[in-house]
Amino acid sequence: MKGSLTMDKSLSEIEQALEEGLELIQNHQLSQGVDKLTRLIRILPPESRFYELACAQLSVAYQQQGKLRKAIAALRRAARISPDNPHYRLNLAAMYRDLGDTQKALTEAKRAVRLDPTMVQARELLADLLLEQGILEAALREATQLLRLAPNNIRALDIMGTVYVYQGRTHQALRIIERLIRLCPTNPMYHFRRAVLLQQTGCIADAIRSYIQVIETEPDSELGEQAEEAIRNLDEHQIRQIMLLAATDPLFRAKLERDPIEASQERGYQLSPEGLAALTQIRFDAIPPALVEWHYRTYN
């Protein structure tokens with residue numbers, strides 16, 4: 001039946017039907033495009049090159065409609081005809097990922113990379129999936145391979161930095177984030193990550209400067225609020241330490257009374273401008289004896 005129907009249609013009619021289906025999809029007339037391509041697929045033999053094209057385009061239409069399972073089924077038909085097409089494998093991997101089927105997504109992403117080791121998008125997706133699954137060393141290898149293909153690939157650097165953070169390799173993660181900042185100097189998230197890493201390595205002054213840069217870039221955002229809270233916590237922690245030290249060290253207390261900023265910085269404390277302003281308002285000559293008693297009771 002299918003063969004006879006195909007014979008009734010000339011090659012030009014099949015091409016025209018395919019073009020009409022593609023045009024409908026491009027014009028966002030998805031239902032009409034799906035109907036046109038579905039009717040065409042029914043009359044074409046599976047070995048026809050037009051059958052493969054129609055299935056691939058039908059998959060695109062279903063994707064745009066949000067019907068991922070139907071999109072996968074249509075694309076798998078096309079992939080049966082051209083099993084070595086890496087683009088089919090990449091699209092299948094992306095759709096399986098959207099459906100939450102990570103194992104099938106991984107399988108298809110690996111196939112895409114095997115079929116075309118130079119396909120940047122396939123390696124990006126594979127590295128992402130490996131990272132999501134916590135397969136850190138494999139994710140790091142893929143990110144490294146990706147950087148050999150594209151030395152300034154943002155996603156590869158991002159994945160590499162994330163792996164280093166998970167592995168506790170803070171200094172290596174910091175080098176990666178510095179590189180990302182050079183490539184994307186206006187991205188506040190990278191400055192925030194830099195601040196967190198600097199704080200972890202004890203570079204408090206540099207961390208505060210990075211937090212301030214985030215606030216200046218994203219003043220009314222959630223990220224800006226997190227940066228403000230981080231600075232506030234750093235200031236409060238350091239001021240508590242300064243007060244405790246002043247309570248037990250008369251010489252340091254005397255220096256604080258004369259010049260609190262110089263005295264605190266001399267001891268290695270690094271406060272934000274707001275923290276320094278708060279420090280200058282403290283009367284260190286009035287620190288109560290109870291503070292000394294609390295310090296010895298808590299720490300001795």
Side-chain angles (χ1 to χ4, degrees), residues 1-130 132-133 138 142 145-146 149-150 153 155:
M1 180 69 175
K2 183 178 285 192
S4 62
L5 283 172
T6 304
M7 290 175 63
D8 292 338
K9 279 188 175 291
S10 68
L11 190 61
S12 61
E13 287 176 316
I14 293 172
E15 289 179 332
Q16 183 180 350
L18 183 59
E19 288 176 5
E20 288 173 358
L22 300 184
E23 186 175 349
L24 287 167
I25 293 169
Q26 289 169 357
N27 292 331
H28 303 291
Q29 296 174 275
L30 299 178
S31 296
Q32 297 94 317
V34 166
D35 289 342
K36 173 74 74 173
L37 292 172
T38 301
R39 287 197 300 270
L40 183 59
I41 288 168
R42 285 175 185 157
I43 65 169
L44 290 172
E47 65 273 9
S48 166
R49 66 187 180 90
F50 292 112
Y51 180 91
E52 178 186 344
L53 290 172
C55 287
Q57 288 301 323
L58 180 61
S59 177
V60 171
Y62 279 138
Q63 276 184 273
Q64 292 181 20
Q65 288 181 324
K67 299 176 180 178
L68 291 183
R69 294 188 187 282
K70 287 188 174 183
I72 288 171
L75 191 56
R76 292 202 77 87
R77 290 190 205 173
R80 280 196 290 271
I81 301 168
S82 295
D84 294 337
N85 186 321
H87 297 283
Y88 291 164
R89 299 301 173 184
L90 174 61
N91 289 338
L92 284 168
M95 287 190 285
Y96 278 127
R97 183 193 197 187
D98 289 341
L99 280 177
D101 194 333
T102 307
Q103 289 307 312
K104 286 184 179 178
L106 266 173
T107 298
E108 295 296 346
K110 288 176 181 178
R111 284 177 180 169
V113 170
R114 281 199 301 269
L115 290 168
D116 185 355
T118 67
M119 185 184 285
V120 169
Q121 286 179 302
R123 285 199 178 275
E124 283 180 342
L125 181 56
L126 179 55
D128 266 333
L129 290 165
L130 290 167
E132 289 171 8
Q133 289 294 295
E142 282 303 321
Q145 289 294 330
L146 187 49
L149 291 172
N153 186 280
R155 191 64 198 124

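Everything numeric in this text was worked out from a predicted model, so none of it was measured. These values consider heavy atoms only, across backbone and side chains, with no hydrogens, waters or symmetry-generated copies.
- Take Tyr96 and apply the side chain to side chain donor-acceptor pair (under 3.5 Å) test, not counting sequence neighbours, and it matches Arg76.
- Atom OG1 of Thr102 sits about 11.5 Å away from atom CG of Asp128, to the nearest 0.5 Å.
- Of all heavy-atom pairs between Pro45 and Tyr51, the closest is O-CB, 3.4 Å.
- Contact annotation: the side chain of Leu75 never approaches that of Leu58 to less than 4.5 Å [non-hydrogen atoms, C-beta and beyond].
- Looking only at side-chain heavy atoms (C-beta outward), Glu108 and Leu90 stay at 4.5 Å or farther from each other.
- Ala61 and Val34 get closest at one heavy-atom pair: CB-CG2, 3.7 Å.
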| task | Just do the side chain to side chain donor-acceptor pair (under 3.5 Å) check on Tyr62 and Gln57 with the steps written out, would you? | result | CA-CA 9 Å; Tyr62 279 138; Gln57 288 301 323; over 6 Å; no

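- Nearest heavy atoms, Asn153 versus Val120: ND2-CG1, 3.6 Å.
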| side-chain contact (heavy atoms from CB on, under 4.5 Å) between Arg97 and Glu132, intermediate numbers included | CA-CA 11 Å; Arg97 183 193 197 187; Glu132 289 171 8; 2.2 Å; yes

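- Atom CD1 of Ile72 and atom CZ of Arg77 lie 13.5 Å apart (nearest 0.5 Å).
- When all heavy atoms are compared, the tightest approach of Ala54 to Ile41 is CB-CG1, 3.6 Å.
- The CG atom of Asp116 sits 11.0 Å away from the CD atom of Gln121 when rounded to the nearest 0.5 Å.
- Of the inter-residue distances, the one linking Asn91 atom CG with Gln63 atom CD reads 6.0 Å to the nearest 0.5 angstrom.
- When atom types are taken as modelled, the side chain of Ser59 and the backbone of Cys55 share no donor-acceptor pair closer than 3.5 angstrom.
- In this structure, CZ in Arg39 is found 12.5 Å from CG in Leu44, a value given to the nearest 0.5 Å.
- Nearest heavy-atom pair, Leu125 versus Ala93, reported as atom, atom and distance to 0.1 Å: CD2-CB, 3.6 Å.
- Here the side chains of Arg69 and Met95 are not in contact, with every heavy-atom distance at 4.5 Å or above.
- Residues Pro117 and Arg123 approach most closely at O-NE, 2.9 Å, considering heavy atoms.
- Here the straight-line distance linking atom NZ of Lys110 with atom CG of Leu129 works out to 9.5 Å at 0.5 Å rounding.
- Counting heavy atoms from C-beta outward, Glu52 and Arg80 have side chains that stay 4.5 Å or more apart.
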